[in-house]
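Residues: numbered from 1 along the sequence shown. These values consider heavy atoms only, across backbone and side chains, with no hydrogens, waters or symmetry-generated copies.
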Amino acid sequence: MASELKKKAFWRAVIAEFLAMILFVFISIGSALGIQYPIPSDPTNATSTDTRPQDIVKVSLAFGLAIATLAQSVGHISGAHLNPAVTLGCLLSCQISILKALMYIIAQCLGAVVGTAILSGITTQISKNSLGLNGLSEGISQGQGLGVEIMVTFQLVLCVVAITDRRRNDVSGSAPLAIGLSVALGHLIAIDYTGCGMNPARSFGSAVVANQFTNHWIFWVGPMIGGAAAAIIYDFILSPRTSDFTDRIKVWTNGQVEEYEIDDDHARVEMKPK
């Protein structure tokens, strides 16, 4: 593990995750907060204002397009995880080492806090500014909210590990766009139930800056379970490969990306920074 710390590529990847997370939070949560600004309901009367209703489609597309754009921008540097649940999925599928996974998650959380803090400074005029804080809708229990978070993150990480599987020769479209659409899909489903966490770092940034941690555990446990389940099911059931456990340990400790034999005699090259 210590050898990774000496590599410039390692630190470039960590910095890329930090900076990209700042941009992601600023763009995505900013799209949701912007509609809370009052607009004139009567153009002839500046004091007559109204608040626009929440536009779920707009917010969902902002989240999805932000991920797609940033994945295209820094994917060759860090893999553009931008989500601890995605990082956990990549760790379990032996794409990165334990050390890099931990550093990525720390960078993602710090980036989310910084991005949310910038938004907090920009949106000071909004009364009762939630800063994108996730929470359970009325009538949704903790168990139901947890289930929603597990399911939407499961489909996201399943998309990530499947679309970046280089054994496949049937993928003709854009991988970043496919992942971005998966993010948008999750938000279209879950916003009405939990505000759609799906990304523990994103939820953490809002909770820290707003100093509100009610039910915050749901937005860590749910996505992590969903991400881990997706990676394990894909690697061992949907598209299994044969690999010795010592090879997996080698990747987790040394950060070396390996090729494994699989059932149809093709080689798998893991997603990694170039």
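At a threshold of 4.5 Å between non-hydrogen side-chain atoms, the residues Val157 and Tyr234 do not count as touching. Proximity of Thr123 to Leu131: side-chain heavy atoms (C-beta onward) are separated by under 4.5 Å at one or more points. The shortest distance between side-chain heavy atoms of Ile233 and Phe154 falls below 4.5 Å. The shortest distance between side-chain heavy atoms of Ile179 and Leu156 falls below 4.5 Å. The closest side-chain heavy-atom distance from Leu158 to Leu238 is below 4.5 Å. At least one side-chain heavy atom of Leu136 sits under 4.5 Å from a side-chain heavy atom of Ile218. In this structure, the side chains of Ile22 and Ile118 come closer than 4.5 Å at one or more pairs of heavy atoms.
Residues Met151 and Trp217 do not share a hydrophobic cluster, defined by chaining ILVMFWY side chains whose heavy atoms lie under 4.5 Å apart. Grouping the Ile, Leu, Val, Met, Phe, Trp and Tyr side chains by contacts below 4.5 angstrom, directly or via other members, places Val160 with Phe236. Cluster membership for Phe63 and Val74, using ILVMFWY side-chain heavy atoms within less than 4.5 angstrom, is not shared. Linking ILVMFWY residues whenever their side-chain heavy atoms come closer than 4.5 Å, directly or via other members, leaves Val221 and Leu133 in distinct clusters.
Among residue pairs with one or both ends in residues 131-142, those qualifying as side-chain hydrogen bond (donor to acceptor under 3.5 Å, both in side chains) are Asn134-Arg202, Asn134-Ser203, Ser141-Gln144, Gln142-Asn215; sequence neighbours excluded.
Among all heavy-atom pairs drawn from Ala85 and Met224, the shortest one is CA-SD, 3.8 Å. In plain terms, the two heavy atoms of His76 and Gln72 that are nearest each other are ND1-O, 4.4 Å. Pairing each heavy atom of Ala228 with each of Leu88, the nearest pair is CB-CD2, 4.0 Å. Between Leu92 and Ala231, the shortest heavy-atom contact is CB-CB, 4.3 Å. The two residues Cys159 and Ala178 have their closest heavy-atom pair at SG-O, 3.8 Å. Looking at every heavy atom in both residues, Ala80 comes nearest to Ala71 through CB-CA, 3.5 Å.
Distance check: Thr69 OG1 to Ile27 CD1 gives 7.0 Å after rounding to the nearest 0.5 Å. Of the inter-residue distances, the one linking Lys7 atom NZ with Lys100 atom NZ reads 8.0 Å to the nearest 0.5 angstrom. Atom CG in Leu99 sits 7.0 Å away from atom CE in Met103 (nearest 0.5 Å). Atom-to-atom distance recorded for Phe26:CZ and Ile29:CD1 is 11.0 Å, nearest 0.5 angstrom. Here Trp11 contributes atom CH2 and Glu4 contributes atom CD; the two are 10.0 Å apart, rounded to the nearest 0.5 Å. Interatomic distance, SG of Cys109 versus CG of Asn199, reported as 8.5 Å (0.5 Å rounding).
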For residues 185-197, please give each side-chain donor-acceptor pair under 3.5 Å, one per line with the distance, not counting sequence neighbours.
from	atom 1	to	atom 2	distance (Å)
His187	ND1	Val183	O	2.9
Thr194	OG1	Glu149	OE2	2.6
Thr194	OG1	Cys196	N	3.1

Can you list, pair by pair, the side-chain donor-acceptor contacts under 3.5 Å of residues 12-21, counting residues two or more places apart and other chains?
from	atom 1	to	atom 2	distance (Å)
Glu17	OE1	Leu82	N	2.9
Glu17	OE1	Gln108	NE2	2.8
Glu17	OE2	Ser78	OG	2.7
Glu17	OE2	His81	N	3.0

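Between the side chain of Thr116 and the backbone N or O of Val209 there is no donor-acceptor pair closer than 3.5 Å. A side-chain donor-acceptor contact under 3.5 Å links Ser93 to the backbone of Cys90.
When hydrophobic side chains of Ile, Leu, Val, Met, Phe, Trp and Tyr are connected at separations under 4.5 Å, Leu177 ends up clustered with Leu181.
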Give the intermediate values and the outcome of side-chain contact (heavy atoms from CB on, under 4.5 Å) for residues Leu70 and Leu23. CA-CA 8 Å; Leu70 292 168; Leu23 293 173; 4.0 Å; yes
Any chance you could lay out the side-chain contact (heavy atoms from CB on, under 4.5 Å) test for Val59 and Asp55, step after step, and finish with the verdict? CA-CA 6 Å; Val59 175; Asp55 189 339; 5.6 Å; no
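Listed by chain and residue number, Gln212 satisfy the side-chain hydrogen bond (donor to acceptor under 3.5 Å, both in side chains) test with Thr214 (two or more places apart in sequence, or in another chain). By the salt bridge (charged side-chain N to carboxylate O under 4.0 Å, His left out) test, Arg168 pairs with Asp170, sequence neighbours left out.
Ring centers of Phe204 and Phe219: at least 6.0 Å apart, outside the cut-off.
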